[in-house]
Amino acid sequence: MSEIQLRLLDGSEKKYAAGITGQEVAEKIGSRLAKDALAIKVDGRLQDLNVSLEHNAAIEIVTFGAPEGREVYWHSTSHLMAHAVKRIFPQAKLAIGPAIDEGFYYDFDFERPFTPEDLTRIEAKMAELSKASVPIRRKTISKAEAIALFQKSAEPYKVELIQELPDDVISIYEQEDFTDLCRGPHVASTAKIKSFKLVSVAGAYWRGDEKNKMLQRIYGISFPTKEALDEYLVRLEEIKRRDHRKLGKELDLFSLSEEVGGGLALWHPRGALIRKTIEDFWRDEHQKNGYDFVYSPHVGRANLWETSGHLSFYRENMYSSMDVEGQEYYVKPMNCPFHIMIYKNKLRSYRDLPLRFAELGTVYRFERSGVLHGLLRVRGFTQDDAHIFVAPEDMEQEIIRVIDFVVTMLRTFGFQEFKAYIATRPEDAVGDNARWEQATQALKIAADKVDLAYEMDEGGGAFYGPKIDIKIKDALGRLWQCSTVQFDFNLPDRFDMTYVGIDNQAHRPYVVHRALLGSMERFFGMLIEHYAGAFPVWLAPVQAKVLSITDKQLEYAKGVRDKLRAAGIRAELDARSEKVGFKIREAELEKTPYILVVGDKEVQQNAVAVRVRGGKDLGVMRLEEFTQNVLNAIHEKKCTLHS
RNA sequence: GCCGGCGUAGCUCAGUGGUAGAGCAGCUGAUUCGUAAUCAGCAGGUCGUCAGUUCAAUCCUGACCGCCGGCUCCA
């Protein structure tokens, strides 16, 4: 019997008899690992745990703790679910069922939509199958055999998928009467799938194409322990609790009205105050960073949008035209043409460049009704837009500068983690390939220079140029797209933009479109969720709330409020004849950073009793001391005095 | 736009084929109180809109509008 040598993850090497399986290796290494093992990596390749090892290799036992482990686990759960569905509804046709970021789904073609009751039945059947410890086995067959197999079992979607596979050897997985086309790997037995929940049903087009038939997609999630599942469900509750639409209502920040129209936000005083604070900060930073402010109108003549190319490439997202004295006008979906017209208003020299025109520009885009979502996806929104006109040779340097600005800006608002995506040429695009290539390259170099990790998004660029989008990770680890920096080799040509170079010849500038926050609406929505409505003191609409204990302290309390206001702190007074406990409760629910209780004791000492949002009592503090501390916290953009 | 669910007071939600209720919020009054809910009273609704069925519709049916979860698309 021959021996093989396996190198483990910790660097140690062990000798085993050839033919040993992954599961057996896991058992030899440790009982606990054997219990948790889901799959095995052999020389970096993920495989089933029951594969027999025949050669020397580096191996790694994969558990749920690793991303690959979760993928295998969820993928196997999706098979378990499909198995259960086929048991209950044999007529349901199988489409696809992959693992996703969190959990899995499986698409079925079924004569009617699945109901919540169906999900309960399916869950029960899954539990039954899991308890029965059904072995899951991999098999390889030829393409022809596979097609015959799935034709026989009347699975047209599977047949379609197999027909498109390039390989002649197809792997399938069997668990009792359920067989699925699958690359794998999978866990060895349904017994591994312990705690699961079917979360929702939704329509989804076959292969994501709206021209295709709509299938029924069942989403679910699973964990090796009940505790982990419960933890996940708690996290879902937390996400619900932080929902900006819920908090926006509770904190009276904004509303959306049926009367006004879908996707058109109304900013209430408190929301507007936060927005103003953000905008003030934004303007100051832009001024420091060499930007010039401009303003432009909300509508423009059709010929402007024809020149810009919007009418040929962006029309489906534009509101229909309006007639003004026989001329066609369009509401602006973007600010660029206006900024370009400002550029073109006079002859520009290389000495003027780079020119950076910034505007909080309100645009309107026709978004299909089904996609609107609170403030995160609306039809009218204000972009924190800027267009940078730059000589080709300064392009790279300018991009680096912009990306640096983005990162600094986002960090100020409490976002620390980002993910960047460089998007390349889409099919429906203008401009020649060479320029696209050059621009994409410049974005990559810039991202590298500021140490921004990025992924490629092939074909995801705008019609006018490649872009780098920065997604922000919020408090719950979810990614949101806000910042975008977009190259444009197209508009300068279309508008015949020029500048006079050092050689006294006309040259063409490049244009960079960029938004740091994205839009005020989306960014605000994200901020609400990130902070769960408890804004850092510099952004909080009410920074300090003064609570009088009885009417006796009323005059003093008014004085405290007025002094705070004079110092530049947004202070309010709650002078109602309610018990202090009640006032505190309300101030806490409003998520006011500082609650100042004033009774006789404080009046005597010219002081305030400071309670920080969340319940922490800082005790009695002289008013001047408190004022100075808060001003420092505001200046440093801290959450509260002690965080 | 497509699939599914939902639409009752400002908010959160009960409810019935015989034209509606609760809690909170609001208003009025009482209470003057030390760190998350003081008490009492009052007021508040074309039951999303429009048709249809019915002696009678908030309830049943249909269309439309809006919202929610997805798909597709995006700042």
Side-chain angles (χ1 to χ4, degrees), chain A residues 105 107 112-116 199-219 243 245-246 249-250 252 255-263 314 316-317 333-334 361 363 365-385 460 462 467 469-471 480-484 486 513-523 525-526 547-554 575-590 595-602 609-620:
Chain A
Y105 67 78
D107 286 345
R112 63 168 177 84
F114 293 112
T115 64
V199 180
S200 61
V201 201
Y205 302 106
W206 166 235
R207 306 197 136 180
D209 188 335
E210 60 186 316
K211 289 184 203 79
N212 289 338
K213 182 162 188 193
M214 185 161 267
L215 310 172
Q216 301 293 323
R217 176 172 297 177
I218 303 179
Y219 285 91
D243 191 309
R245 293 166 300 185
K246 182 168 142 59
K249 208 180 267 179
E250 284 172 8
D252 196 15
S255 63
L256 293 154
S257 146
E258 190 180 328
E259 315 271 306
V260 175
Y314 204 73
E316 68 209 38
N317 280 302
M334 294 185 192
V363 297
R365 296 183 187 172
F366 173 70
E367 302 285 356
R368 298 157 91 186
S369 58
V371 309
L372 301 175
H373 179 91
L375 288 182
L376 299 180
R377 189 80 184 272
V378 289
R379 284 183 174 154
F381 55 99
T382 301
Q383 294 181 299
D384 67 314
D385 208 359
K467 61 178 181 175
D469 288 335
I470 297 175
K471 296 193 182 185
W480 299 91
Q481 199 213 311
C482 286
S483 317
T484 182
Q486 310 189 344
H513 312 252
R514 47 110 282 188
L516 306 185
L517 310 177
S519 76
M520 300 314 291
E521 284 75 8
R522 178 174 289 182
F523 193 73
M526 288 195 43
L547 312 183
S548 53
I549 291 178
T550 72
D551 291 350
K552 271 192 286 176
Q553 299 91 29
L554 206 54
R576 293 173 303 172
S577 66
E578 298 287 353
K579 292 210 236 178
V580 74
F582 179 80
K583 296 189 191 182
I584 286 171
R585 178 181 153 79
E586 291 212 333
E588 285 283 357
L589 289 175
E590 287 164 12
I595 297 167
L596 308 178
V597 177
V598 296
D600 288 340
K601 218 168 33 176
E602 287 74 23
V610 183
R611 179 187 162 120
V612 180
R613 175 173 57 200
K616 191 171 168 144
D617 192 348
L618 296 189
V620 178

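Just so we're on the same page: letters track the sequence lines, and every chain starts at 1.
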A/I549 atom CD1 is separated from B/G34 atom C1', nearest whole Å, by 4 Å
Hey, does A/S200 have a side-chain heavy atom less than 4.5 Å from the side chain of A/R217? no
Exercise. If we only count heavy atoms from C-beta on, is the A/K601 to A/Q553 side-chain gap below 4.5 Å?
Worked result: no
**OP:** Decide yes or no for A/R379 and A/L372: does some side-chain heavy atom of the first lie under 4.5 Å from some side-chain heavy atom of the second?
**Re:** yes
**Prompt:** Can you find a side chain N or O atom of A/K249 that sits less than 4.0 Å from OP1 or OP2 on B/U12?
**Reply:** yes
Under 4.0 angstrom, heavy atoms only, what part of the nucleic acid is A/V597 near: base, sugar-phosphate, or nothing?
base
Query raised in the report: How is A/A609 classified with respect to the nucleic acid when contacts are heavy atoms under 4.0 Å: base, sugar-phosphate, or nothing?
Result: base
Please determine whether salt bridge (Lys or Arg N to Asp or Glu O under 4.0 Å) holds for the pair A/E250 and A/R245, giving the CA-CA distance in whole Å, both sets of side-chain angles, and the decisive distance to 0.1 Å.
CA-CA 9 Å; A/E250 284 172 8; A/R245 293 166 300 185; over 6 Å; no
State, yes or no, whether a side-chain contact exists between A/V597 and A/E602 at a heavy-atom distance under 4.5 Å. no
>> Rounding to an integer number of angstrom, what distance separates B/G1 and B/C74 when you compare their C1' atoms?
In response: 15 Å
Separation of B/G4 atom P from A/L215 atom CG, nearest Å, is 13 Å
Q: In sequence, state the C-alpha distance, the side-chain angles, and the governing distance for A/T484 and A/Q486, and then conclude on side chain to side chain donor-acceptor pair (under 3.5 Å).
A: CA-CA 6 Å; A/T484 182; A/Q486 310 189 344; 3.1 Å; yes
On a heavy-atom basis, the closest approach of A/L517 and A/D384 is N-OD2, 2.8 Å
Can you check nucleotides 38-43 of chain B for protein contacts, nitrogen or oxygen pairs under 3.5 Å, and list what you find?
from	atom 1	to	atom 2	distance (Å)
B/U38	O4	A/E578	OE1	3.2

Item checked: Rounded distance in Å between the C1' positions of B/A57 and B/C50 -> 14 Å
Atom CD1 of A/I595 and atom P of B/A37 are separated, to the nearest Å, by 13 Å
5' to 3', nucleotides 66-75 of chain B under a 4.0 Å protein heavy-atom cut-off (B base, S sugar-phosphate only, - none) gives SSSBBBBBBB
Rounded to whole Å, CG of A/L547 lies from C1' of B/A36 at a distance of 12 Å
Separation of B/U12 atom P from A/E250 atom CD, nearest Å, is 9 Å
Inset, instruction - Kindly determine whether A/S548 and A/L554 satisfy side-chain contact (heavy atoms from CB on, under 4.5 Å), including the steps that lead there. - result: CA-CA 6 Å; A/S548 53; A/L554 206 54; 4.2 Å; yes
Check your understanding: P atom, B/C24 versus B/G5: distance in rounded Å?
Key -> 35 Å
Practice problem: Go through the steps to decide whether A/D469 and A/K471 satisfy the test salt bridge (Lys or Arg N to Asp or Glu O under 4.0 Å), and finish with yes or no. | Solution: CA-CA 6 Å; A/D469 288 335; A/K471 296 193 182 185; over 6 Å; no
Distance between the C1' atoms of B/C47 and B/G21, in whole angstroms?
12 Å
Fill in: Sugar-phosphate, base or nothing in reach of A/E259, heavy atoms under 4.0 Å
nothing
**Item:** Separation between the P atoms of B/U58 and B/G52, rounded to whole Å
**Value:** 14 Å
Rounded to whole Å, CD of A/E586 lies from P of B/U35 at a distance of 17 Å
What interatomic distance, in whole Å, is found between P of B/U49 and the corresponding atom of B/U54?
23 Å
Side chains of A/V580 and A/F582, heavy atoms from C-beta outward: is any pair under 4.5 Å? no
Whole-Å distance, A/D107 CG to B/C3 C1', equals 12 Å
Checking all strands, does A/K601 fall into the base, sugar-phosphate, or nothing category for heavy-atom contacts under 4.0 angstrom? base
(message) Any salt bridge linking A/R365 with A/E316? Criterion: basic side-chain nitrogen under 4.0 Å from a carboxylate oxygen.
(response) no
Measure the shortest side-chain to side-chain distance between A/K249 and A/S255 over non-hydrogen atoms and say whether it is less than 4.5 angstrom. no
request  = Rounded to whole angstrom, note down the C1' distance from B/C27 over to B/U19.
outcome  = 28 Å
By nearest-nucleotide position on RNA chain B, the 5'-leaning member of A/D551 and A/R585 is A/D551
>> Is A/R611 close enough to B/A36 that one of its side-chain N or O atoms is under 4.0 Å from OP1 or OP2 there?
In response: yes
Note to self: Check this for me, if you would: do A/E588 and A/R611 make a salt bridge, where the nitrogen-to-carboxylate-oxygen distance has to be below 4.0 angstrom?
What the structure shows: yes
Stems for RNA chain B (at least 3 consecutive Watson-Crick or G-U pairs, under 3.5 Å) come to B:1-7 with B:65-71, B:10-13 with B:21-24, B:26-30 with B:38-42, B:48-52 with B:60-64
Rounded to whole Å, CD of A/Q553 lies from P of B/U35 at a distance of 14 Å
Taking the C1' atom in each of B/U12 and B/G45, what is the distance between them to the nearest angstrom? 16 Å
